[in-house]
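Below is one structure; the comments refer to it alone.
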Amino acid sequence: AAKGAWCPACGAAAPAPGTQRDALLALAKQSILAKLRLPARPGVPQPPSRGALLTALRRMRAQRSDTAAATPGMLRDGRLLTLLSVLCAGFSSSHRVHLHFRFSQEVTGSTEILQATLYLFWAAPGAQPITVRLLQPDPAGSNMTVASETQLEVQRSGWTTLDVGAAVRSLFRQETPRLTVELEVPEDWGSPLPSDHSDSHWPFVVAQAQARTPHRVHRR
Amino acid sequence: GVDCGADSRMCCRQEFFVDFKEIGWEDWIIQPEGYHMNYCAGLCPLHMAGIPGLAASFHTAVLNRIKVASAAAAVDSCCVPTQRRPLSLLYYDRDSNIIKTDIPDMIVDSCGCT
C-alpha cells in the first residue's frame, strides 16, 4: 500500500519503508533458497575473484566447443566432469614465479584425469622462451622435485596454454592434491600473476576427468 | 502492464532490486549480481477487472461502461503478475561445484487485474 495508507487485503497500516524493505529482502532469500532446494546458503571457503572465475569459465566453454568438434567420440554418458582450479597462491622473486593450484580431495579420490591444461595470461611477453617446471612433493622429504620441464614460447600477448595432464594425473594419487608450477621468466617479461583481486586474468587449470565407475564384484 | 510511480494507487508493477552484495550473497552466487524481485501492488477497481494492464483502446472503453453499469455483479479483483520470466543463476553448491540453474517464473514483467 502507499505510504500511510492501509492495506486493502488485511486492513493493517502500511509498514514503515525500512521494515518493508527488510521483509522483501528476507522474502527474496527464502524464495531463492526454496527454489534451489537448499536448506541454507552454501558456505564457500575461498572463492576466487568473480572476474577471474568468469574469465576462466568463458575460456573453458571456448575450449570445450573446440574439443567436442575435434574429438566427437568424447564421453557423452554424463560421467565426464570438468574441473576448474583457479590460482590459489602465487609468489615471485626476481626471475622465478611459483604458482599453486588446489584440487579438492573428494574429487581426486573418485575421478580419473583424461586431460588437463594450464592457462597463463601474458600482457607483455618477451622474445625468448620461458622455462616451465612442474614440481611435485619429494616422497622422501619436504622438498619439491621437478616432474617435468618445458620451454614455452609466447608470440603475442594474451592467453597461453600448456598440457599438464601427466602432472595432474600423478597428483591425484597423492595425499595433498596441490599442483605447483615454477616459471623461470627472463628480465623483460611481465609477470603472469594478477596485479590485484579485481584483475580477471588469474592463471587457472582446467581438467577433463571421468568419474571412476564403482568396482563391481560378480559372484557366481 | 503499468509500472508503479511514486503515488500509484491502481494495479501496477512495483520494481524491487535485491543486490546480492547487500545481503552478503555475492560470494556463493557468481552470476547475476542481483535479483529483480518485482511485485504487483495497487487496487483493482471494478472497471479494471479482467484487464491485463491498461489497454487503452475502444474495446476497453466499451467494456468499462458495461462493467460499471453492472456493478451488481461486483467481484473481487486482484492485482497479480500477468507476465513472468526465469531467473538464471550461476552459483556454488555445498561441495563447491559450479551450478547453472534457470528458475522459472521468478521475475515479474507485468501486472494486471484478475
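Residue numbering restarts at 1 for every chain, and letters A, B, ... go by the order of the sequence lines.
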Atom [atom1] in [X], atom [atom2] in [Y]: separation rounded to 0.5 Å?
X     : Y      : atom1 : atom2 : value
A/L57 : B/K100 : CG    : NZ    : 12.0 Å
B/N97 : A/T82  : CG    : OG1   : 11.0 Å
A/L83 : B/I98  : CG    : CD1   : 10.5 Å

In terms of heavy-atom proximity below 4.5 Å to chain A, should B/L90 be classed as side chain, backbone, both, or neither?
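Side chain only.
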
Part of B/E22 lying under 4.5 Å from any heavy atom of chain A:
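The side chain, not the backbone.
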
How far apart are the closest heavy atoms of A/L24 and B/M37, and which atoms are they?
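Here A/L24 and B/M37 meet closest at O-CE, 3.1 Å.
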
What closest approach, in Å, do B/F16 and A/R21 show between heavy atoms, and which atom pair accounts for it?
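Result for this residue pair: CE1-NH1, 3.2 Å.
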
With a 4.5 angstrom heavy-atom cut-off, is it the side chain or the backbone of A/L53 that approaches chain B, or both, or neither?
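It is the side chain, since no backbone atom gets that close.
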
Under 3.5 Å, sequence neighbours excluded: what are the donor-acceptor pairs made by side chains of residues 30-39 of chain A?
none

Kindly check if the number of other-residue, nucleotide or ligand heavy atoms within 6.0 Å of CZ (A/R102) is above 12?
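No - once you tally the heavy atoms of other residues, nucleotides and ligands closer than 6.0 Å, there are 12 at most.
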
Out of B/D27, B/I103, B/I29, B/L89, return the one with the most heavy atom pairs under 4.5 angstrom to chain A.
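Top count of heavy-atom pairs under 4.5 Å with chain A: B/D27.
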
Sequence neighbours excluded - ring pair (Phe, Tyr, Trp, His ring centres under 6.0 Å) pairs with any residue from residues 81-114 of chain B
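Pairs touching residues 81-114 of chain B that pass the test: B/W28-B/Y91.
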
Main chain of B/I30, side chain of A/R50: is a donor-acceptor contact present, judged purely on distance under 3.5 Å?
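Judged by distance alone, yes, a pair lies under 3.5 Å.
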
